[in-house]
Amino acid sequence: MADRLPLMAGNWKMNLNHVEATGVVQKLAWTLQDKRYDPTKAEVAVIVPYTDLRTVQTLVEGDKLPISYGAQDVSVHVSGAYTGEISVDMLAKLKCKYVVLGHSERRQYHGETDIIVNRKAQRVFRAGMVPIICVGEEWESRRKEGHIPFVLEQLRWCLTDLEDEWMRKLVIAYEPVWAIGSGQVASPEDAQDMCLAIRSYVATHFTQEIADQLRVLYGGSVKANNIRDIMAQPDVDGALVGGASLDPEEFAKIVLFYQEA
Ligand code: PGA
């Protein structure tokens, strides 16, 4: 794997209020420290509900924790009369590093399209943060072996007009919809095939150098007991972890995948 720093991002989804967030982040930090976590081997991030962000920021800054954090979505608008929305400037002010965009649950329940993801990605970069753009096929598409063209088509729209400077920082998460929350993890080979296809697409449409730097994550039923095989794949640079990230001990084991079993 080139010199890409693996990223282990825990997507809490709509779980853990700000009081619970304090406990989980403290326990995660404590467990990582106890197990001699090395930040040069993997980056760890928590992707939390908006209402938890200020709490997590205060903990991370106050205790200088080696944990990045970010949000699960953001508004496509800049500011103004958009009741219920949160802007990129609000997230940047909270020093978020990452913003997840286009998660399959946003696509399914909130009509998020690739074009919206692309517009949000441009806003996130302009505000100085890094999008984690999620792509992935439904089971039907994989069954018919159309999954690679499907995901590359999603990417085509999601990456439109993204500047080279931005692309060097971008994170892409491949999350097959059928693997999310189902316990049915993709095989390491399937994860590798798609992550390689994504990297090759970026090499063709941007530059090889950008493709070499790009971090491509796998997501979907990642657990402590399957992370090593997934991370052994040359084009998989980390994981977007849902359910297993709510348990700080389990998540710490995932982050520490590089240690001897
Ligand atoms: P899961 O979710 O790990 O619970 O399958 C992954 C995700 O949705 O990011």
Side-chain angles (χ1 to χ4, degrees), residues 6-16 20-21 24 28 42-50 52-53 56 67-74 96-112 114 117 120-121 124 130-139 141-142 147 150-151 154-155 158 170-188 190-192 194-195 198 215-231 233 236-257:
L7 170 61
M8 297 299 171
N11 171 15
W12 290 1
K13 309 193 180 187
M14 197 172 70
N15 296 292
L16 306 178
E20 294 162 334
V24 169
L28 175 63
E43 178 184 358
V44 50
V46 287
I47 307 297
V48 306
Y50 293 133
D52 296 0
L53 281 170
V56 172
I67 298 176
S68 307
Y69 58 90
Q72 301 172 6
D73 185 34
V74 71
C96 285
K97 179 167 181 187
Y98 295 109
V99 182
V100 167
L101 298 177
H103 189 280
S104 70
E105 288 146 18
R106 301 283 329 160
R107 293 174 185 266
Q108 185 180 349
Y109 305 125
H110 300 275
E112 187 114 334
D114 295 321
V117 170
K120 289 182 175 183
V124 168
V130 175
I132 299 177
I133 294 184
C134 302
V135 291
E137 82 286 355
E138 304 265 354
W139 177 250
S141 163
R142 179 161 283 268
H147 49 290
F150 177 86
V151 166
Q154 285 184 316
L155 269 192
C158 290
L170 178 69
V171 179
I172 295 176
Y174 167 54
E175 297 207 304
V177 178
W178 48 270
I180 294 177
S182 64
Q184 196 192 344
V185 63
S187 70
D190 286 343
Q192 164 61 18
M194 186 65 85
C195 292
I198 290 171
R215 289 190 290 180
V216 187
L217 315 185
Y218 166 79
S221 297
V222 168
K223 306 276 181 270
N225 66 11
N226 57 30
I227 187 65
R228 281 200 179 79
D229 289 345
I230 294 168
M231 289 307 293
Q233 305 301 315
V236 181
D237 306 314
L240 188 54
V241 184
S245 72
L246 299 174
D247 173 348
E249 283 184 4
E250 172 87 3
F251 188 46
K253 284 187 193 149
I254 294 173
V255 174
L256 299 169
F257 74 93

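Note that this is a predicted model, so its numbers are computed, not measured. Note that ligands are numbered from 1 as they come in the structure, with each ligand's atoms numbered from 1 the same way.
Atom 3 (O) of ligand 1 has as its closest protein heavy atom G242 N, 2.8 Å.
Distances below 4.0 Å separate heavy atoms of A179 from the following atoms of ligand 1: 5 (O). Residue-ligand proximity, E175 to ligand 1, at heavy-atom distances under 4.0 Å covers atoms 6 (C), 7 (C), 8 (O), 9 (O). Listed by atom number, the atoms of ligand 1 under 4.0 Å from G181 heavy atoms are 1 (P), 4 (O), 5 (O). Within ligand 1, the atoms closer than 4.0 Å to a non-hydrogen atom of N11 are 9 (O), numbered from 1 in the order shown. For ligand 1, the atoms lying closer than 4.0 Å to a non-hydrogen atom of G220 are 5 (O).
Contacts with ligand 1 closer than 4.0 Å are made by heavy atoms of both the backbone and the side chain of I180. Neither the backbone nor the side chain of S104 comes within 4.0 Å of ligand 1, counting heavy atoms alone.
Under a 4.0 angstrom heavy-atom cut-off, S221 registers as being in contact with ligand 1.
Of the possible polar contacts, none joining the E138 side chain to the V177 backbone as a donor-acceptor pair under 3.5 Å is found. Without hydrogens or angle criteria, D237 side chain to V216 main chain gives a donor-acceptor distance under 3.5 Å.
Checking H103, Q72, K223 against atom 8 (O) of ligand 1, the nearest heavy atom belongs to H103.
The shortest N or O to N or O distance between V241 and ligand 1 is not below 3.5 Å. For G243, a nitrogen or oxygen atom sits less than 3.5 Å from a nitrogen or oxygen atom of ligand 1, counting backbone and side chain alike.
Around atom CD of E43, more than 12 heavy atoms belonging to other residues, nucleotides or ligands sit under 6.0 Å away.
A pairwise comparison of heavy atoms in S245 and G10 identifies CB-CA, 3.4 Å as the closest pair. For W12 against P49, the heavy-atom pair with the smallest separation is CE3-CD, 4.0 Å.
Side chains of Y50 and D73 form a contact here, defined as non-hydrogen atoms less than 4.5 Å apart. Side-chain contact between H103 and E175 is present, with heavy atoms from C-beta onward closer than 4.5 Å.
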#### Entry: Candidate pair D114 and R107, rule side-chain contact (heavy atoms from CB on, under 4.5 Å), full reasoning
CA-CA 9 Å; D114 295 321; R107 293 174 185 266; 2.6 Å; yes
